[in-house]
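Report on the following structure.
For this chain, numbers begin at 1 and follow the sequence in order.
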Amino acid sequence: MAEAEAEAAPAAAAGGGGIGDILATAERDFLVRNSGEQVKISSIEASPVAIYFSASWCPPCRRFTPKLIEVYKELAEQGKSFEVIFASADQNEEGFNEYFAKMPWLAVPFSDTEGRAALDARFKVSGIPHLVILDAKTGEVYTEDGVEFVSEYGVEAYPFTPDRINELKEQEKAEKENQTIQSVLGTSTRDYLISNKGDKVPISELEGKYVGLCFVVDGYGPVIEFTDSLAKIYEKLKEVGEKFEVVAVSLDSEESAFNESFAKMPWLAIPQGDQKCEKLVRYFELRSLPTLVLIGPDGKTLNSNVADIIDEHGFEAWEGFPFSAEKLEILAEKAKAKAASQTLESLLISGDLDFVIGKGGAKVPVSELVGKTVLLYFSAKWCGPCRAFLPTLVKEYNKIKEKNSDFEIVFISSDRDQSSFDDFFSQMPWLALPLEDERKVSLKKTFKIRGIPSLVAIGPTGQTVSRDAKAQLMIHGADAFPFTEERLEELQKKLDEMAKGWPQKLKHELHDEHELVLLRRGTYGCDGCEEMGSTWSYRCDECDFDLHPKCALAEEKKGEEEEGKSTEEAPAGYVCEEGVCRKV
């Protein structure tokens, strides 16, 4: 569970005494409800008791609190003894009141700053959310990992003792050893799945089939792209008679969000909100999205995630089903043969789509690009690093075009709407694929585009000469053309010759603590201009500080960084850092 950093008070020993000794102070013998009612600590008969360290400003807390409320209410409905005490880390009373208003349990008064600090110190709270569960009578701490246990096991973890948690873990171990499709998908009260038409389909109908468990969440870009590809493979496998079914495992908290995404899926699903969905996240140790777990006809897990295989091979992945070692070897050989026969036409022509566009949407036949070195530029206006890189790319493009007419760039956009695409493309002097063009998906899969901006260089024969032309361009500028290994070797030899005339050590105003030493390096980030560097660096090992020779010797200033600033945000499923926007 993610934790927000919180300042811990001086540590003191946890445990000792009953709940009264732990919660009461010399000045206060009560707790409060969100109605303002005071409750005597001595009147608390529930056991176990959980002390919930949390705050309204903490995103992980806001995500966990609804789950804790759900468990609290469910235990109350079952007549089980349990109480929660909120110990706020809020910075003002307004934030406390707004947050506490949603909680059905008790709290240490916000005004008792010393009392809350004492609890922090007693339980050595260093991050929130933090949930300490203890015996109310003796003060014995059952666990300080309450957040993890409540998140993973819900009410099943009750009474949250070490023995109960160990029992649950042993049960899970036994379940995996004796796994069946019914134990994976069903519960004691539900033996069916649902279709997007509302039909109930018995889980028994999936016995003897391969079953893919597809973890989904509405509005998450990578999942949407993956399920679109999976749907085509699903239909093809059905067409050729494979016994294959897919079951959606929803991670949506809102039923409306689930219904909207599920309506587009041709397969079955576990009902939204079913606790089995959360259990499967833990059971299969979900680490990333998209994830497609493959269950065999015997109900055993064959592969914990075949999403990467489908992502890599696209629609053709169906030929590798059910993704055994032998089948995957065949897929790899086919991919290798396809790469060897690659041409610009095979990349950019699909059916009637045999053109790219210029300004004003003018169609330019792909045939006019054949025989040229073509850079495929994967980018988007919403991506800050893309906006920052664009001026550099335009400058180097113009330099290359002045000397080489057999060169072009094709913009492949990840923008979300036409106006963003049009605005960004208007700043580019090259060509593009239309925004909604279906060829974009296959190109991203072919070149395994995981982050933008990205530049792939296609040579005059149609073969890929570089999958990272951006780094080459950032390091060598227009001199990197035509981006071949031979050209890079030539440039490296040239740099080595130049380095013979550079000083071995120097001082620089950007790092006046130590001398910078000229060292041979691999790829690095320059701490001066914040651009990529390679081969040679003026470096301080002690401070992990690098400068391009051009920055160190000429003290060039950082350029055009303001181009990257904007209020536009990355869409769901992407994070932008260190000069690249990547899928999460």
**Request:** Output, in order, the C-alpha distance, side-chain angles, deciding distance and verdict of side-chain contact (heavy atoms from CB on, under 4.5 Å) for Leu106 and Arg33.
**Result:** CA-CA 5 Å; Leu106 303 170; Arg33 296 194 182 279; 3.5 Å; yes
**Request:** Would you please test Leu289 and Leu251 for side-chain contact (heavy atoms from CB on, under 4.5 Å) and show each step?
**Result:** CA-CA 11 Å; Leu289 291 175; Leu251 306 182; 4.0 Å; yes
**Request:** May I have the step-by-step check of side-chain contact (heavy atoms from CB on, under 4.5 Å) for Lys169 and Tyr153, ending in yes or no?
**Result:** CA-CA 10 Å; Lys169 289 181 176 178; Tyr153 298 105; 3.4 Å; yes
**Message:** Under the criterion side-chain contact (heavy atoms from CB on, under 4.5 Å), I'd like the reasoning laid out for Leu519 against Asp541: C-alpha separation, chi angles, the key distance, then a yes or no.
**Reply:** CA-CA 10 Å; Leu519 295 175; Asp541 277 332; 4.2 Å; yes
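Counting heavy atoms of neighbouring residues, nucleotides and ligands inside a 6.0 Å radius, atom CD of Glu515 exceeds 12 of them. Annotation: Glu177, atom CD; neighbour count of heavy atoms from other residues, nucleotides and ligands within 6.0 Å is above 12. The environment of Gln78 atom CD is dense: over 12 non-hydrogen atoms of other residues, nucleotides or ligands sit within 6.0 angstrom. Under a cut-off of 6.0 angstrom, the local environment of CD in Glu70 is crowded, with over 12 non-hydrogen atoms contributed by other residues, nucleotides or ligands.
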Side-chain polar contacts of residues 303-310 - donor-acceptor pairs under 3.5 angstrom, sequence neighbours left out - could you list them?
residue : atom : partner : partner atom : Å
Asn303  : OD1  : Asn305  : N            : 2.9
Asn305  : OD1  : Leu292  : N            : 2.9
Asn305  : OD1  : Ala307  : N            : 3.0

Run the side-chain donor-acceptor check on residues 96-105: report pairs under 3.5 Å with partners two or more places apart or on a different chain.
residue : atom : partner : partner atom : Å
Asn97   : ND2  : Glu93   : O            : 3.3
Tyr99   : OH   : Ser54   : OG           : 2.8
Tyr99   : OH   : Cys61   : O            : 3.4
Tyr99   : OH   : Thr65   : OG1          : 2.5

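Between the side chain of Lys448 and the backbone N or O of Glu312, no donor-acceptor pair lies under 3.5 Å. Proximity of a side-chain donor or acceptor of Asp527 to a complementary backbone N or O of Asp546 within less than 3.5 Å is detected. A donor-acceptor pair is defined here as one N or O able to donate and one able to accept, closer than 3.5 Å; such a pair exists between the side chain of Asp135 and the backbone of Lys137. Put simply, the side chain of Lys176 gets close to the backbone of Tyr283: a donor and an acceptor are under 3.5 Å apart. At distances below 3.5 Å, at least one donor-acceptor pair connects side-chain atoms of Gln179 with backbone N or O atoms of Gly299. In this structure a side-chain-to-backbone donor-acceptor pair under 3.5 Å is present from Arg28 to Leu23. Remark: the backbone N or O of Lys381 is not paired with any side-chain donor or acceptor of Ser420 at under 3.5 angstrom. Judged purely by atom type and a 3.5 angstrom limit, Glu175 has no side-chain atom pairing as donor or acceptor with the backbone of Ser183.
With respect to the salt-bridge test (charged N to carboxylate O, under 4.0 angstrom), the residues Asp512 and Lys507 do not qualify. Taking 4.0 Å as the cut-off between side-chain N and carboxylate O, Lys67 and Glu278 count as a salt-bridged pair. One finds a salt bridge joining Glu167 and Arg164 here, because a Lys/Arg side-chain nitrogen approaches an Asp/Glu carboxylate oxygen to under 4.0 Å.
In this model, a donor atom of one side chain and an acceptor atom of the other lie less than 3.5 Å apart for Lys444 and Ser414. Looking at Thr161 and Asp163, their side chains never bring a donor and an acceptor atom within 3.5 Å of each other. Neither side chain, Tyr158 nor Glu74, offers a donor N or O lying under 3.5 Å from an acceptor on the other.
Counting all heavy atoms, side chain and backbone alike, Gln272 lies closest to Ser250 at CG-OG, 4.1 Å. Considering every non-hydrogen atom in both Ile41 and Ile19, the closest pair reads CG2-O, 4.3 Å. Heavy atoms only, all atoms of each residue included: Lys300 and Asn178 are closest at NZ-C, 3.7 Å. The minimum heavy-atom distance between Phe424 and Ser379, with the atom names listed, is CE2-OG, 3.4 Å. Closest of all the heavy-atom pairs between Leu230 and Val246 is CD2-CG1, 4.2 Å. Across Ser81 and Ser47, no two heavy atoms sit closer than the pair OG-N, 2.8 Å.
Atom CZ of Arg539 and atom CG of Leu547 lie 11.0 Å apart (nearest 0.5 Å). Between atom OH of residue Tyr52 and atom CD1 of residue Ile69 there is a gap of 8.5 Å, rounded to the nearest 0.5 Å. Annotation: the span from Asn92 atom CG to Ser56 atom OG amounts to 7.0 Å, rounded to 0.5 Å. Atom CG of Asp145 is separated from atom CD1 of Ile165 by 9.0 Å, given to the nearest 0.5 angstrom. Here Ser413 contributes atom OG and Ile452 contributes atom CD1; the two are 8.0 Å apart, rounded to the nearest 0.5 Å. Between the CG atom in Leu213 and the CD1 atom in Ile270 there is a gap of 7.0 Å [rounded to 0.5 Å].
Shown here are the ring pair (Phe, Tyr, Trp, His ring centres under 6.0 Å) partners of Tyr210, two or more places apart in sequence or in another chain: Phe321. A search for ring pair (Phe, Tyr, Trp, His ring centres under 6.0 Å) contacts involving Tyr524 returns His548, not counting sequence neighbours. Checked against ring pair (Phe, Tyr, Trp, His ring centres under 6.0 Å), Phe545 has the following partners two or more places apart in sequence or in another chain: His511. Applying the ring pair (Phe, Tyr, Trp, His ring centres under 6.0 Å) test to Phe215 and every residue at least two apart in sequence or in another chain returns nothing.
Counting heavy atoms from C-beta on, the side chains of Val249 and Cys277 come closer than 4.5 Å. Under the 4.5 Å side-chain criterion, counting only non-hydrogen atoms from C-beta, Thr187 is not in contact with Gln275. Counting heavy atoms from C-beta on, the side chains of Arg190 and Ile203 come closer than 4.5 Å. When side chains are defined from C-beta on, Asp90 counts as touching Trp57, because their heavy atoms get closer than 4.5 Å. Two residues are said to be in side-chain contact when any heavy atoms from C-beta on lie closer than 4.5 Å; Val293 and Leu280 fail this criterion. Put simply, the side chain of Asp120 reaches to within 4.5 Å of the side chain of Phe53, judged on heavy atoms. Side-chain atoms of Val84 and Phe86, non-hydrogen and from C-beta on, never get closer than 4.5 Å to each other. Taking the side chain as every heavy atom from C-beta outward, Cys214 and Phe226 approach each other to under 4.5 Å.
By the 6.0 Å and 45° rule, Arg116 stacks over the aromatic ring of Phe110.
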